[in-house]
Structures are given as C-alpha cells and as structure tokens.
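Presented below is the structure to which this report refers.
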Amino acid sequence: MKIYIPTPLRNLTDGLDSVEVAAPTVQAALDGLTDKYPELRKHLFTAEGKLRAFVNLYLNDEDLRYLPGKEATPVSDADTLSIIPSIAGGCCW
C-alpha cells in the first residue's frame, strides 16, 4: 500500500512524500513504515504505542476513526493511507 507522508514529517523519510509498504492491516502498515523510518515512531505514537491524538489517518479517503476495525482494518496493495496531522493555532485580531 502507499502511505502519504505529510510535509512536516518528510525530513524523517529522506524527503519522500509517500512510502510503499506491504502489510495486511493498517497497524502492520504503520509498523512497517516506522521500522523503515524509526524516527517517525515518536511523532506518530505515544510511549504506550497508541496513535497520538493529533494524528489523523485516512484509508482511501475514509477517516480511520470511524471504520469498525480502526487500526486492525485489512488493507491491500491498492489502498492508500494518508497521515494528516491536526493543525491548531490562529491569531488574534
């Protein structure tokens, strides 16, 4: 499957905007990604191994939070996974 890497994390994937990973589930794909690029792990997961609250995942444009299997959702080589970090901020007027 193809995993799309957000711009702020591309420095951890040698500048790649996407990475191909062979895996049976979303979790296995993320494990494969972080095995290949270990520095990504601390940006995506907590010390307990849970996906960080500000990291959103979209499997083929579907928000993973609303899929019944969540990270255990099966995937195929044709699927795409997009990592979308939440953006906060703003400014006063």
Side-chain angles (χ1 to χ4, degrees):
M1 78 175 311
K2 183 181 281 193
I3 302 177
Y4 289 102
I5 310 299
T7 303
L9 298 179
R10 290 181 189 164
N11 62 318
L12 304 174
T13 59
D14 300 324
L16 297 174
D17 63 354
S18 65
V19 176
E20 293 283 339
V21 177
T25 64
V26 170
Q27 184 62 56
L30 291 171
D31 290 343
L33 176 68
T34 56
D35 286 347
K36 193 180 278 192
Y37 300 101
E39 284 297 310
L40 277 174
R41 183 166 292 282
K42 66 183 175 186
H43 294 279
L44 300 179
F45 297 99
T46 65
E48 295 79 30
K50 300 286 186 192
L51 192 64
R52 291 191 179 278
F54 59 82
V55 175
N56 300 302
L57 298 176
Y58 288 82
L59 179 62
N60 302 322
D61 299 325
E62 294 287 331
D63 190 332
L64 194 70
R65 293 174 293 185
Y66 302 108
L67 295 178
K70 308 225 183 305
E71 287 93 346
T73 301
V75 296
S76 72
D77 290 342
D79 288 325
T80 61
L81 185 67
S82 299
I83 300 171
I84 311 292
S86 293
I87 298 174
C91 184
C92 345
W93 291 93

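We number each residue from 1, following the sequence as shown.
- Around atom CD of E62, no more than 12 heavy atoms belonging to other residues, nucleotides or ligands sit under 6.0 Å away.
- Annotation: side chain of L57 is in contact with side chain of I83 (closest heavy-atom distance under 4.5 Å).
- Judged by distance alone, with hydrogens and angles left aside, the side-chain atoms of R65 form no donor-acceptor pair with the main-chain N or O of N56 at under 3.5 Å.
- Pairs engaging residues 67-85 under the salt bridge (Lys or Arg N to Asp or Glu O under 4.0 Å) rule: none recorded [sequence neighbours left out].
- For S18, there are no side chain to side chain donor-acceptor pair (under 3.5 Å) partners, not counting sequence neighbours.
- In the hydrophobic cluster analysis, where Ile, Leu, Val, Met, Phe, Trp and Tyr join through side-chain heavy atoms closer than 4.5 angstrom, F54 is grouped together with L81.
- Between D17 and I5 the shortest side-chain heavy-atom distance does not fall below 4.5 Å.
- For T13, the side chain to side chain donor-acceptor pair (under 3.5 Å) criterion is met by no residue, not counting sequence neighbours.
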Side-chain donor-acceptor pairs under 3.5 Å in residues 23-33, sequence neighbours left out?
{"unit_1": "T25", "atom_1": "OG1", "unit_2": "A28", "atom_2": "N", "d": "3.1"}
{"unit_1": "Q27", "atom_1": "NE2", "unit_2": "D31", "atom_2": "OD1", "d": "3.0"}

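- Partners of P74 under the side-chain contact (heavy atoms from CB on, under 4.5 Å) rule, at least two apart in sequence or in another chain, do not exist in this structure.
- Here the closest heavy-atom approach between residue T73 and residue G69 is recorded as OG1-C, 3.4 Å.
- When L44, L9, L64 are each tested for a side-chain contact (heavy atoms from CB on, under 4.5 Å) with V55, only one passes: L44.
- In terms of heavy-atom proximity, L12 sits nearest to Y37 at O-CD2, 3.3 Å.
- Evaluation of the side-chain hydrogen bond (donor to acceptor under 3.5 Å, both in side chains) test over residues 41-55, restricted to residues two or more places apart or in two chains, returns T34-R41, E39-K42, T46-E48.
- Interatomic distance, CG of N11 versus CG of L16, reported as 11.5 Å (0.5 Å rounding).
- Formation of a donor-acceptor pair under 3.5 Å by the D63 side chain with backbone atoms of Y58 is not found in this model.
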